[in-house]
Amino acid sequence: MTAERYDARAAEPKWQKAWDEARTFETKNDDPRPKYYVLEMFPYPSGRIHMGHVRNYAMGDVVARVKRAKGFNVLHPMGWDAFGLPAENAAIERKVHPREWTYSNIATMRGQLKSMGLSLDWSREIATCDPSYYRHQQKLFLDFLKAGLVDRKKSKVNWDPVDNTVLANEQVIDGHGWRSGAPVEIRELTQWFLKISDYSDELLGALDHLDRWPEKVRLMQKNWIGKSEGLLVRFMLEGARDNLSEVEVYTTRPDTLFGAAFVAVAPDHPIAQAAAKDDKKLKAFIEEARKTGTSAAAIETAEKHGYDTGISAVHPLDPKRKVPVYVANFILMDYGTGAIFGCPAHDQRDFEFATKYHLPIVRVVQNGPEDAPGVPLLEADTGEDGTLVNSEFLNGLSVQEAKDAVAKRLEAASIGNRPTGKRQVNYRLRDWGISRQRYWGCPIPIIHCEEHGAVPVPDKDLPVQLPDDITFDRPGNPLDHHPTWKNVPCPVCGKPSRRETDTMDTFVDSSWYFARFTSPDRTDVPVDRKIADHWLPVDQYIGGIEHAILHLLYSRFFTRAMKKAGYTSLDEPFAGLFTQGMVVHETYRANGEWVSPEDIVITGEGAARGATTKAGAAVEIGSIEKMSKSKKNVVDPDDIIARYGADTARWFMLSDSPPERDVIWTESGVEGAGRFVQRLWRIVTGIAALAVSGKPAQFSEDALALRRATHAAIAAVDENIEALRFNVAVAKIYELSNAALTRLNSGADDASVRWALREAGETLVQLIAPMMPHLAEECWAVFGKDTLVARAPWPKAEASLLVSDTITLPVQVNGKRRDEITVPAAASPAEIEEAVRKLESVVRASEGKPLKKVIVVPKRIVNVVV
RNA sequence: GCGGUCGUGGCGGAACUGGUAGACGCAAGGGACUUAAAAUCCCUCGCCCGAAAGGGAGUGUGGGUUCGACUCCCACCGACCGCACCA
């Protein structure tokens, strides 16, 4: 047996070179085998890869390698989500050109990814900041424009005052910019929009068929789209100026119409605006409401305020009833009609409002005697179970019946030739504003002419390239400050015109890259339709949960838009989605300063667990958090790869924690993974040293036991990898390696044992190959193979070795395990019962009393009831 | 507030559709080898009683269904995540 240690540092580059030279992972589009497209979310080239990338790409690589071994033609590409703000920040802070900064980061990170030994087809690499990519994106934009999927409109936008740009609704989190974290302000700008809301219902409905997506993500998207079914209701007004004779409200609870206590409109509603013309107080109120609408702090504490306009609204079901019209700060102008009727008894906001302004609170839905009309409500009753009361012709109906009855009655009634009510479905999802006032993004290919308006850049002039000579010496968009770039003739009339200086939201870049990977060599079109239709959808997409809404929803829309524009034939880009957890690490502080894990020593365990710095100072162990530079709890993949090798890093990322949960990075965990690499190496070199001849006709009992372990491991590892339960697959590999090592250490005089050991060894190598590919190749060579294990077919479990002649069943007495019994596998339940009744432990436990019942569950368990 | 996910040893976690709870790894303890250390190998390792054999309770808490519950149902407690004036 060799005592040499496995040298990852020497072996890993060697095998990476071997794969490269054999073009092992380059994929041909015309390969006749069934296709399988594995994709991990491509990285932003921030500078260096982090452990999260290692985990993400290790998982994807396991899937890619296993599918390849199973005979699929696997597409597993990599690229760069390369436009974005950090490049501009680097330009400002360090005077580096965004392009230079980005490409140098890409070079570094490409090198790091290559050192991981991922089975990627690098010949398909793309970077979204490259004109060879974004020219097609500009073409797509223009085709979407033709297809009626683009809109240009003035709108209130979320303005990020730190990044100096517009954000989509999805990019505002708790009133703060998703990247800068700055409180978002509201501004009015003319913006380009992609009409994602045209697809609201389809994007919602199709979620039901995405059965290989996490339930959680589907639910988040469903809530985001926010479908509601309701009724538009017209209220006639008395006392409004500017000929505003009515207000239309939107409601999902028309059944509660007889509980209406007021009508409220948004501060920006025309009625509010008109009323404010000769009401200074109202004007001030509206100003105030606007302010609180934008400041993030106010949103949290937001108290409901209203202003009585003095206008009356006539109840549409009973003209004798009149309710006051308020302007209220909690009404949103861009949802529904910007106006509501308030029913305090059955809506919590309306309840608070009515309480504050002493408006009547009348219950109209009753569910049980405790809801009697005389009993005052302490809060709104928002339940939809119950029966209508106090509601004239609706009395006695259920909520659903009443909704229908009101809708029918109002649809039939009309004022001025228009029906008083109209059913309407509303969505929370708004159109996707894609204009960004930034330099480092895809230019929007439009030229503004005074005469001809927004004119598309002709195809022959694409791409509209970003100019290189730009400066970042003043705030705002460098494209707008550029002396010449934006001055171009109108494509229609040739008169001096102005180029659009906004660039596209970078989420546009990532909304179709998966399609571009299918034919990245086509310079003439964004995608080759036939090839894209062949490869798409992505069979397995893997990435972080943080993209549950933004990226995934945009991509689903974009895929439909591409279909409409004639580029592909599919609706859904990702058939299978897996969201992996983060890599987290303990945090440490000494004297109020964050301390890096490298600089501390852990002492004790359990409650006594503590830490000191290497210099001996007391260290406070903090919470476990996502690795971040600011908390110094970062472990650099390069260091780990240099010290242990890529295989160890990959193995550790796949072990222990379920892939969808966070994994805690620990020093001892990596060491354990490193030990396993050496142990496997010893097992393999030990087995390889044994003399083996042909497959024996007879196996000894020991040999057979090992063979059973081998084939059970194949079955279990396969099953768990298919289900993406990498941690369990790893455990099953440990079991087989333990069995093999034990066998090896207790001697192998028997030829059939040696054969079984050899089988176990080779199987082990194949099973680890998707996770630790370099070690596997080295071991494969030790076994004398002159082929790559990366090209070897996936092992198959022999069915005959997965079953045995006898089985051991646990025996319970009254549900407690008391004994076990070994019976022939073919034994009938009656025979088993017979044998169990005679068991000494059963006789003892029953104390001579007759057995009430014996339950035999075939192949599982026997339970005796005494 | 609404919606969701999850609570299992010192730690990460496993347990197929209701059928031996704690696989596997980490940490810990003991031993072998060594001049010594590292590496490696062997043994022990959830809790309580017991020298052992064996026994008892046990998967956040309380109840229920079942021959049998980590798994299903009800209520509660806790952690995490998402949404949050969407009419």
Side-chain angles (χ1 to χ4, degrees), chain A residues 3 5 173-174 214-217 219-220 222-224 226-228 230-231 249-253 256 264 293 299-300 302-304 328-332 334-343 346-350 352-353 379 382 426-429 545-546 548-549 602 604-609 652 655-658 660-664 666-673 675-676 678-679 682 716 719-720 723 725 727-735 737-738 741-742 745 808-820 852-866:
Chain A
R5 286 175 65 79
I173 294 146
D174 289 335
E215 187 55 41
K216 182 181 168 151
V217 174
L219 196 73
M220 281 164 73
K222 187 179 169 212
N223 291 339
W224 190 265
K227 181 176 183 171
S228 75
L231 194 68
V249 307
Y250 176 74
T251 179
T252 54
R253 291 296 301 274
T256 63
I299 288 171
E300 316 244 323
E303 203 182 321
K304 286 160 191 50
N329 65 343
F330 63 96
I331 309 299
L332 305 172
D334 51 359
Y335 185 82
T337 61
I340 62 146
F341 81 81
C343 175
H346 302 287
D347 183 286
Q348 189 57 31
R349 291 157 304 173
D350 298 346
E352 287 166 31
F353 191 84
E379 56 177 3
T382 54
N426 260 354
Y427 298 92
R428 209 183 78 112
L429 183 68
I545 185 76
E546 65 273 20
I549 296 171
I602 299 286
E605 66 170 312
R609 196 162 173 279
F652 177 52
S655 316
D656 286 2
S657 289
E660 70 278 7
R661 278 198 225 166
D662 290 350
V663 59
I664 304 170
T666 61
E667 203 40 45
S668 52
V670 194
E671 279 168 15
R675 274 199 296 274
F676 180 68
Q678 298 302 335
R679 178 146 39 113
R682 280 195 307 277
E719 189 190 324
N720 283 295
R725 288 189 298 250
N727 58 322
V728 186
V730 164
K732 299 298 175 185
I733 291 172
Y734 273 118
E735 282 182 9
S737 76
N738 289 345
L741 186 62
T742 305
N745 286 344
T808 301
L809 296 173
V811 177
Q812 296 182 333
V813 177
N814 288 339
K816 295 260 173 222
R817 185 182 178 281
R818 282 298 123 111
D819 205 347
E820 57 185 34
K852 220 188 239 169
K853 205 171 173 188
V854 179
I855 295 143
V856 178
V857 184
K859 298 196 168 129
R860 291 251 181 249
I861 203 166
V862 181
N863 193 10
V864 179
V865 186
V866 180

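A, B, ... follow the sequence lines: proteins, then strands. Residue 1 opens every chain.
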Rounded to whole angstrom, note down the [atom1] distance from [N] over to [M].
N: B:U5; M: B:A53; atom1: C1'; result: 46 Å
N: B:A69; M: B:U20; atom1: P; result: 11 Å
N: B:C6; M: B:A15; atom1: P; result: 13 Å
N: B:A27; M: B:C41; atom1: P; result: 13 Å
N: B:G68; M: B:G54; atom1: P; result: 26 Å
N: B:U61; M: B:C45; atom1: C1'; result: 29 Å
N: B:C81; M: B:G10; atom1: C1'; result: 28 Å
N: B:C73; M: B:U17; atom1: P; result: 15 Å

Return the value, rounded to whole Å, for the distance between atom [atom1] of [X] and atom [atom2] of [N].
X: A:R725; N: B:C24; atom1: CZ; atom2: P; value: 18 Å
X: A:K222; N: B:C2; atom1: NZ; atom2: P; value: 17 Å
X: A:K216; N: B:U5; atom1: NZ; atom2: P; value: 10 Å
X: A:E215; N: B:U5; atom1: CD; atom2: P; value: 8 Å
X: A:Y335; N: B:A87; atom1: OH; atom2: P; value: 4 Å
X: A:I549; N: B:G82; atom1: CD1; atom2: C1'; value: 7 Å
X: A:E660; N: B:G13; atom1: CD; atom2: P; value: 10 Å
X: A:H346; N: B:C85; atom1: NE2; atom2: P; value: 23 Å

Show me the protein contacts with nucleotides 40-44 of chain B, counting only N or O atoms at under 3.5 Å.
| residue | atom | partner | partner atom | Å |
| --- | --- | --- | --- | --- |
| B:U40 | O3' | A:R682 | NH2 | 3.1 |
| B:C41 | OP1 | A:R682 | NH2 | 3.4 |

* **Sub-4.5 Å side-chain heavy-atom contact between A:V663 and A:D656** =>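 Not in contact.
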* Are any of the side-chain heavy atoms of A:T251 and A:F341 separated by less than 4.5 Å? ->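 Answer yes - side chains close enough.
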By salt bridge (charged side-chain N to carboxylate O under 4.0 Å, His left out) - contacts of [X] (at least two apart):
X: A:E671; result: none
X: A:R679; result: none
X: A:K216; result: none
X: A:E719; result: none

* Asked: Do any N or O atoms from the side chain of A:N720 and from the backbone of A:A716 form a donor-acceptor pair under 3.5 angstrom?
  ->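 Judged by distance alone, yes, a pair lies under 3.5 Å.
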* Return yes if some donor-acceptor pair links the side-chain N/O of A:Y250 with the main-chain N/O of A:G230 below 3.5 Å, else return no. =>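 The answer is yes, because a donor-acceptor pair under 3.5 Å joins these two groups.
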From the list [options], which nucleotide is the closest neighbour of the side chain of [X]?
X: A:I861; options: B:A15, B:U20, B:G12; result: B:U20
X: A:T252; options: B:A87, B:G12, B:G68; result: B:A87
X: A:R817; options: B:U20, B:C85, B:G25; result: B:U20
X: A:Q812; options: B:G25, B:C67, B:A21; result: B:A21
X: A:F330; options: B:A21, B:C85, B:A14; result: B:C85
X: A:R349; options: B:A87, B:G19, B:G56; result: B:A87
X: A:A731; options: B:A87, B:C24, B:C81; result: B:C24
X: A:I664; options: B:C86, B:G12, B:C24; result: B:G12

Remember a base hit wins even if backbone is also touched, and classify [X] as base, sugar-phosphate or nothing at under 4.0 Å, heavy atoms.
X: A:L809; result: nothing
X: A:I855; result: base
X: A:N863; result: base
X: A:G672; result: sugar-phosphate
X: A:S655; result: nothing
X: A:Y250; result: base
X: A:V857; result: base
X: A:N223; result: nothing

* Are side-chain N/O atoms of A:S228 and A:Y427 paired as donor and acceptor at under 3.5 Å? ->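 Checked: A:S228/A:Y427 side chains show no N/O donor-acceptor pair below 3.5 Å.
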* Asked: A:N426: what forms a side-chain hydrogen bond (donor to acceptor under 3.5 Å, both in side chains) with it, not counting sequence neighbours?
  ->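 Checked A:N426 against side-chain hydrogen bond (donor to acceptor under 3.5 Å, both in side chains); matches are A:Q424.
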Under 4.0 Å between a side-chain N or O of [X] and OP1 or OP2 of [N]?
X: A:N738; N: B:A23; result: no
X: A:R661; N: B:G13; result: yes
X: A:N727; N: B:A14; result: yes

* Does A:R253 make a side-chain donor-acceptor contact with the base of B:A87, cut-off 3.5 Å? ->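 There is none.
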Distances under 3.5 Å between protein N/O atoms and the N/O atoms of nucleotides 16-18 of chain B, please, pair by pair.
| residue | atom | partner | partner atom | Å |
| --- | --- | --- | --- | --- |
| B:C16 | N3 | A:R860 | NH1 | 3.0 |
| B:C16 | N3 | A:R860 | NH2 | 2.8 |
| B:C16 | N4 | A:R860 | NH1 | 2.7 |

* To do: Show your reasoning for whether side-chain contact (heavy atoms from CB on, under 4.5 Å) applies to A:E735 and A:K732.
  => CA-CA 5 Å; A:E735 282 182 9; A:K732 299 298 175 185; 4.1 Å; yes
* Asked: Mind checking what makes side chain to side chain contact (heavy atoms under 4.5 Å, CB included) contact with A:A731, not counting sequence neighbours?
  ->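 In terms of side chain to side chain contact (heavy atoms under 4.5 Å, CB included), with neighbours along the sequence ignored, A:A731 is linked to no residue.
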* Residues forming a side chain to side chain contact (heavy atoms under 4.5 Å, CB included) with A:V857, sequence neighbours excluded ->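 Result, side chain to side chain contact (heavy atoms under 4.5 Å, CB included) vs A:V857: A:I855, A:R860, A:I861.
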* To do: Quick one: list whatever passes ring pair (Phe, Tyr, Trp, His ring centres under 6.0 Å) with A:F353, sequence neighbours left out.
  =>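 Once residues adjacent in sequence are excluded, the partners of A:F353 under the ring pair (Phe, Tyr, Trp, His ring centres under 6.0 Å) criterion are A:F262, A:Y326, A:F330, A:Y357.
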* Residues in ring pair (Phe, Tyr, Trp, His ring centres under 6.0 Å) contact with A:F652, at least two apart in sequence or another chain ->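 Applying ring pair (Phe, Tyr, Trp, His ring centres under 6.0 Å) to A:F652 gives A:W665.
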* Structure fact -> The contact string for nucleotides 45-50 of chain B, one letter per nucleotide 5' to 3', using protein heavy atoms under 4.0 Å with B, S and - for base, sugar-phosphate only and none, comes out as ------
* Could you check which nucleotide pairs with B:G78 in any of the strands shown, counting Watson-Crick or G-U wobble with both distances under 3.5 Å? =>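 Across any shown strand, B:G78 pairs with B:C6.
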